[in-house]
Chemist: 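Questions regarding the structure given below will be posed in turn.
Everything numeric in this text was worked out from a predicted model, so none of it was measured. Just so it is clear: chains get the letters A, B, ... in the order the sequence lines come, proteins before strands, and each one is counted from 1.
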There are 2 protein chains.
Amino acid sequence: MELNERKTRILEAIIRNYLETGEPVGSRTISKYEELHLSPATIRNEMSDLEEMGYILQPHTSSGRIPSDKGYRFYVDRLMQDKEREVADMHEMVVQKADELSELLKQVARLLADNTNYAAMISTPQIHHNKLKFIQLSKVDVDQILAVIVVEGNIIKNKMIRVDGEMDADTVLKLNLLLNTHLNGLSLEDINLGLITLIKERAGIHSAVVASVIDAVAEAIRADEDLEIYTSGANNIFKYPELTDKEKASDIISTLEEKRQFGKLMRESLQEAAEEGGTGTGIQVYIGDESPIQTMKDCSVVTATYELEDGMKGMMSIIGPKRMDYEKVAKTLKTLQTQLDALYKKT
Amino acid sequence: MELNERKTRILEAIIRNYLETGEPVGSRTISKYEELHLSPATIRNEMSDLEEMGYILQPHTSSGRIPSDKGYRFYVDRLMQDKEREVADMHEMVVQKADELSELLKQVARLLADNTNYAAMISTPQIHHNKLKFIQLSKVDVDQILAVIVVEGNIIKNKMIRVDGEMDADTVLKLNLLLNTHLNGLSLEDINLGLITLIKERAGIHSAVVASVIDAVAEAIRADEDLEIYTSGANNIFKYPELTDKEKASDIISTLEEKRQFGKLMRESLQEAAEEGGTGTGIQVYIGDESPIQTMKDCSVVTATYELEDGMKGMMSIIGPKRMDYEKVAKTLKTLQTQLDALYKKT
DNA sequence: AATTAGCACTCATACAAATCGAGTGCTAAC
DNA sequence: GTTAGCACTCGATTTGTATGAGTGCTAATT
């Protein structure tokens, strides 16, 4: 069967109406849309077809129709862009630059949640492409050395290293120089085992102590899974009855709390954004089962990548019911993308 | 009216039963407790008295009784200790020392939640009593200086300082020395404005640049409200029907998410623990409205202070229904108190 | 051939009445 | 002082009934 012009319009009307009300929509309701000039009976026939084709479904015999996942997908892919011009009057969101990146991201998460009335999350940017700017070892205690590692974008990592034996101030100084000359300017992913071995050699066969310190530093550099995730607006899901029963709510809440579950989503999302190339907006929509996170099967998840200076890419996303206002969400995400971008360009 | 032996036992039976079932408990139920040898009718008379005295109440005419806040309070204060011996077979929880304090605390929060089936939170320790161990300024970029501040207990603070003018390496070095000689060994709260002014003077009237850097460092030191709070097990509240209606659940979830709301609770709790003196266990119980957090009025909150080496005190707490298993919760908190303590003593 | 009106049918929802039963308070007997 | 007995209360559950939104199908209309 073919999805002709009229079917498309009816499908759109059904979905739009359902997005607004959250209630199954019947033929009579649709027949009232003037553009169509169709009687309920005709609509019913078309609906029957649409159901057969999998775009809509009935929660129970003889009730109105609701969009299926496939229906939402069609809506997002085909119908939404056409209407983009309609969305206009969203006021700009204001992001204040925070001292700490983490504060900034928390703020963004909150903005996303407050503006959309859905739950929001945002991750810290990935930094393995970033270049190492500076390393400093300092002797803090008799047996402790503090390594401070600064990466492009002013991401700072600290690592307290406990040394087994003695290590005099002079050695520390020398090590500092050595590490900086060899590693500065390299991107984190380029700092590999071979390089580390080389540095150890250069350091002389001094002692196991020195080697262990170098290892510790290398480990700190490699541990770029300092990926933090901030969430906001979890309570918003209570605004949507279809997500509020014990089971579902509990699932969603715990996913939001167990932030690391988002790792998978993030990887996939960044991946897809990359494949899409420079042209796209970097916005992905996962409807129900499409989501890489099993527990999100009753929700839709809209993700967007953002980019700070120096190509640090992170991800933010909105989690809401399938009948979320996709247009508004997309617009909101885009606005924040732009603002984050601008914020870091200027300074 | 006097709360005699028999009334006490009946009250205890009522509360215990309610804690188990979550249902109002009637006279017949209580009469089955063999220790009492009383008929339902007698129990009813006693219940009537207990209600008049405010320890229990009826959700509606002619239904069983449930404990009032006052009843819970009595239970926690008088009845619980007597039975402490009964609680025995809780297996020890294992805390692995994590590299980062934050990881450790997240782990503890999770343990608390998993073991009790309630929601849990834990704060980072307060450090204003702690002594400054080490300051290091490093020139990272032409116009950027990184300040690393290490506090007793190996708490590390980073602050990126943007300088307006130029600052040569020599000045940085000199400043390093100056700051360390003046500040090392002082507790954070002792570093006041006078001291900062003194240092500025010693630095010479070099330039506004130097002064601004010193100010920035001072600010970083003073900003000990790096208070972080980690939560776990928010979804556990769905296990208790009395907390699961939209309104209440939403309140609780958002309080858990808006972690800073716990600030008040934390201050009060540490305060009370301090007043209690060294003898107490540092465990506080807030029942319903007793809680300093308004949104927690339908829950009970049990807090415990913990202490890492060097007197860094933090707080952890369990949030659950009023009918939570207070004994188990107290035991769990104590166990973790002890384990945290031990963990830092050893190393 | 496409559209529409009409009709019988389905089923969630709301509502009221009926019933049940756990629990109470009170009184009288023990 | 304790207990048995009884009338009474009131939430919860069940049952029956009506309502209405919605459907699918068929026959009439355009």
Side-chain angles (χ1 to χ4, degrees), chain A residues 1-11 13-15 17-18 20-68 71 241-242 244-245, chain B residues 1-11 13-15 17-18 20-68 71 241-242 244-245:
Chain A
M1 204 177 317
E2 192 207 3
L3 195 63
N4 57 21
E5 164 77 16
R6 194 168 75 177
K7 282 195 173 50
T8 305
R9 296 182 71 160
I10 291 175
L11 178 56
I14 294 170
I15 296 180
N17 191 284
Y18 182 72
E20 264 177 47
T21 65
E23 295 294 318
V25 10
S27 55
R28 224 178 93 76
T29 313
I30 298 301
S31 76
K32 286 190 191 122
Y33 285 80
E34 296 145 5
E35 320 93 80
L36 293 169
H37 302 293
L38 290 174
S39 77
T42 316
I43 309 275
R44 279 205 289 282
N45 290 328
E46 297 288 36
M47 278 177 156
S48 182
D49 291 352
L50 284 170
E51 181 163 11
E52 199 181 320
M53 294 162 81
Y55 289 106
I56 53 180
L57 43 85
Q58 284 180 297
H60 54 83
T61 327
S62 80
S63 90
R65 305 305 213 285
I66 63 172
S68 67
E242 65 266 48
T244 309
D245 70 276
Chain B
M1 204 177 316
E2 194 208 2
L3 195 64
N4 58 22
E5 164 76 16
R6 193 169 76 180
K7 283 196 172 52
T8 305
R9 296 182 71 160
I10 291 175
L11 178 56
I14 293 170
I15 297 179
N17 191 284
Y18 183 73
E20 265 177 47
T21 64
E23 295 294 318
V25 12
S27 54
R28 227 178 91 75
T29 314
I30 298 302
S31 76
K32 286 189 192 121
Y33 285 79
E34 297 145 4
E35 321 93 82
L36 293 169
H37 302 292
L38 290 174
S39 78
T42 315
I43 308 274
R44 280 204 289 283
N45 290 329
E46 296 287 37
M47 278 177 155
S48 181
D49 292 351
L50 284 169
E51 181 164 12
E52 199 182 320
M53 294 162 78
Y55 290 105
I56 54 181
L57 43 84
Q58 284 179 296
H60 55 83
T61 326
S62 80
S63 90
R65 306 303 214 286
I66 63 172
S68 67
E242 65 266 48
T244 310
D245 71 275

Chemist: Respond yes when some side-chain nitrogen or oxygen of A:T42 is under 4.0 Å from OP1 or OP2 of C:dT4, and no when none is.
Modeler: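 A:T42 to C:dT4 OP1/OP2: side-chain N or O found under 4.0 Å.
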Chemist: Write down the distance between CG (A:L38) and P (C:dA5), rounded to a whole number of angstrom.
Modeler: 11 Å
Chemist: B:E2: what forms a salt bridge (Lys or Arg N to Asp or Glu O under 4.0 Å) with it, not counting sequence neighbours?
Modeler: none
Chemist: Test of understanding: with side-chain hydrogen bond (donor to acceptor under 3.5 Å, both in side chains), list the residues that count as partners of B:E242, not counting sequence neighbours.
Modeler: B:R323
Chemist: For B:S62, which residues count as a side-chain contact (heavy atoms from CB on, under 4.5 Å) partner, sequence neighbours excluded?
Modeler: none
Chemist: Taking all atoms of both residues into account, what is the closest heavy-atom pair of A:R28 and A:P40, and its distance?
Modeler: CG-CG, 4.1 Å
Chemist: In whole angstrom, give the distance that lies between atom CZ of A:R6 and atom P of C:dA1.
Modeler: 16 Å
Chemist: Among pairs that include at least one residue of residues 43-57 of chain A, which meet side chain to side chain donor-acceptor pair (under 3.5 Å), considering only residues two or more places apart or in two chains?
Modeler: A:R6-A:E46, A:K7-A:E46, A:K7-A:D49, A:S27-A:R44, A:E51-A:R65
Chemist: Could you tell me how far apart B:I30 (CD1) and C:dG23 (C1') are, to the nearest whole angstrom?
Modeler: 13 Å
Chemist: Starting from P on D:dG1, measure out to CD1 on B:I43 and report it in whole angstrom.
Modeler: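 One finds 17 Å between P of D:dG1 and CD1 of B:I43, rounded.
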Chemist: Could you tell me which residues satisfy side-chain hydrogen bond (donor to acceptor under 3.5 Å, both in side chains) with B:T42, sequence neighbours excluded, listed by chain and number?
Modeler: B:S39
Chemist: At under 4.0 Å between heavy atoms, which parts of nucleotides 15-25 of chain D does protein reach? Answer with one letter per nucleotide, 5' to 3': B base, S sugar-phosphate only, - none.
Modeler: -------BBB-
Chemist: Can you tell me the distance, in whole Å, between the CD atom of A:E46 and the C1' atom of C:dA2?
Modeler: 11 Å
